[in-house]
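First up is the structure itself, then whatever we jot down about it.
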Amino acid sequence: DATINVGGNSVTGTLIGGPTLFFNEAYSSTYRADITGLGLVVAGNNNISVDGMDFAKNNGAGMLVIYDDGSGATELFVNDGNDLAYWNFAPPLDTTEPQTFTFLPATVARDAQLPLFASSVQVDRPNVVLVTVGGATTRIVDPFGDSGGRDFDAVMESITIPAGATELTVQCLSEADASSPIAANNPASLAWICAGLAVPVQLASLGDYVWHDLNQDGIQDPGEPGIPGVTVNLYECGETTAMETMLTDSNGLYLFDDLMP
């Protein structure tokens, strides 16, 4: 059923995964629709109705909202589709494919957001999410469990990105972790639908010194004075129009800051 109602609007999605036969006569499909143009999300709290879904078993719809919270530049990623897993099935339905996001490095640790959508996970069925970043793997135990109703889950995990790291890999597993209070139960069958990532960017600066090269050797020697009031233009590579312009200060210094690396 590709068409549902979102905030009173009929929305028809594009099939991006499936229909995949999971077991018996159970098929799974994933649809995507860009609803930005509907203008449903506003500042403050939002309450958006979703209805009109007609599936035989596991109904679910997740809304991934990207908004500017004023905290600065952020790299954004979304991988979505339809990846099914149950530990006791034959490959490839026994597990999911890891998803890797690659981003710019930073000299400091950063707090990133990892939104995940999954369907088919019933209450009290164990599951695990593996997150590998900076050479270390974290096991998130039982993040899914019918939190959205009709066996659907939309969760947001906070992940620390260590200094120097440039990639993060995430994988959802039909598996019981020994630390889980429901570890004795049968692990979940699941449909992994979406993984996103929001990583704050450590902004860069570019600056130097315009000086009077008294001995004309091309080197900034002690005692050679700076030149104030010189126009300095900053260009994107290959562009002919300056993205920023400034004048050197009274000491000949200039600095462009808050730049994307």
Side-chain angles (χ1 to χ4, degrees), residues 32 34-36 40-48 60-81 83 85 95-119 121 126-148 152-173 175 177-181 188 190-207 255-261:
R32 181 207 300 135
D34 183 351
I35 60 171
T36 307
L40 298 177
V41 178
V42 297
N45 293 329
N46 287 264
N47 189 350
I48 301 169
M63 185 181 300
L64 187 65
V65 180
I66 300 171
Y67 66 98
D68 184 359
D69 65 359
S71 62
T74 303
E75 287 190 273
L76 301 171
F77 307 89
V78 179
N79 284 6
D80 54 10
D83 199 355
T95 190
T96 62
E97 285 294 317
Q99 300 298 308
T100 297
F101 302 101
T102 302
F103 41 81
L104 295 169
T107 60
V108 296
R110 296 168 285 172
D111 291 327
Q113 292 181 310
L114 179 70
L116 300 167
F117 293 168
S119 183
V121 182
N127 55 94
V128 173
V129 172
L130 301 181
V131 179
T132 301
V133 60
T137 298
T138 299
R139 294 175 65 86
I140 302 173
V141 178
D142 300 333
F144 309 130
D146 191 39
S147 62
F152 191 87
D153 292 274
V155 301
M156 181 79 79
E157 300 291 341
S158 294
I159 305 295
T160 298
I161 308 293
T166 59
E167 67 178 34
L168 178 147
T169 298
V170 58
Q171 185 178 20
C172 298
L173 300 178
E175 181 177 302
D177 189 88
S179 68
S180 170
L190 61 90
W192 186 16
I193 295 169
C194 176
L197 186 65
V199 183
V201 174
Q202 185 180 27
L203 296 177
S205 299
L206 180 65
L255 181 71
F256 299 99
D257 53 18
D258 291 339
L259 302 175
M260 289 295 291

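Only heavy atoms go into these numbers, but all of them, side chains included; no hydrogens, no water, no symmetry mates. Position 1 is the first residue of the sequence, and the numbers go up from there.
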Determine all donor-acceptor pairs shorter than 3.5 Å in which one atom belongs to a side chain in residues 128-137; sequence neighbours excluded.
{"from": "T132", "atom 1": "OG1", "to": "T137", "atom 2": "OG1", "distance (Å)": "2.7"}

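- Within a 6.0 Å sphere centred on CZ of R110, other residues, nucleotides and ligands contribute more than 12 heavy atoms.
- The CD1 atom of I193 lies 4.5 Å from the CZ atom of F152; values are rounded to the nearest 0.5 Å.
- Scanning all heavy atoms of the two residues, the minimum distance from D34 to T36 falls at OD1-OG1, 2.6 Å.
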Practice problem: Please step through side chain to side chain contact (heavy atoms under 4.5 Å, CB included) for the pair C172 and N127, ending with a clear verdict. | Solution: CA-CA 8 Å; C172 298; N127 55 94; over 6 Å; no

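- Counting non-hydrogen atoms of neighbouring residues, nucleotides and ligands closer than 6.0 angstrom, the CD atom of Q113 reaches no more than 12 such neighbours.
- Between A112 and P200, the shortest heavy-atom distance links the atoms CA-CD, 4.3 Å.
- Two residues are said to be in side-chain contact when any heavy atoms from C-beta on lie closer than 4.5 Å; Q99 and F77 fail this criterion.
- The structure places CG of L259 at 7.5 Å from CG of L203, a figure rounded to the nearest 0.5 Å.
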Practice problem: With side chain to side chain contact (heavy atoms under 4.5 Å, CB included) as the test, would you mind laying out the steps for S158 and D111 before giving the verdict? | Solution: CA-CA 7 Å; S158 294; D111 291 327; over 6 Å; no

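- The CD atom of E157 sits 6.5 Å away from the CG atom of L116 when rounded to the nearest 0.5 Å.
- Within the 3.5 Å criterion, the main-chain N or O of T107 finds a donor-acceptor partner in the side chain of Q202.
- With N46 contributing its side chain and G44 its backbone, the two residues share a donor-acceptor pair below 3.5 Å.
- When each of N79, V78, T74, L114 is paired with L197, the side-chain contact (heavy atoms from CB on, under 4.5 Å) condition holds for L114 and for no other.
- In this structure, Q171 and T95 approach most closely via the heavy-atom pair NE2-OG1, 3.4 Å.
- With contacts defined as side-chain heavy-atom distances shorter than 4.5 Å, the pair P115/L64 qualifies.
- Proximity of L190 to T96: side-chain heavy atoms (C-beta onward) are separated by under 4.5 Å at one or more points.
- The shortest distance between side-chain heavy atoms of F117 and D80 does not fall below 4.5 Å.
- The two atoms that bring E75 and F103 nearest to each other are OE1-CB, 3.2 Å, heavy atoms only.
- Side-chain atoms of D257 do not come within 3.5 Å of backbone N or O of S205 as any donor-acceptor pair.
- Annotation: side chain of S180 is in contact with side chain of V141 (closest heavy-atom distance under 4.5 Å).
- Rounding to the nearest 0.5 Å gives a distance of 9.5 Å between CH2 of W192 and CD of E97.
- For D68 against S71, the heavy-atom pair with the smallest separation is OD1-N, 4.5 Å.
- For the pair E175 and R139, the salt-bridge criterion is met [side-chain N within less than 4.0 Å of a carboxylate O].
- Residues F101 and V199 are not in side-chain contact: their nearest non-hydrogen atoms beyond the backbone lie 4.5 Å or more apart.
- In this structure, P181 and D142 have side chains that are in contact, with non-hydrogen atoms separated by less than 4.5 Å.
- Separating the CG atom in D153 from the CG atom in D146 is a distance of 6.5 Å, to the nearest 0.5 Å.
- G164 and P105 make their closest contact through O-CB, 4.1 Å (heavy atoms, listed as atom of the first residue, atom of the second, distance).
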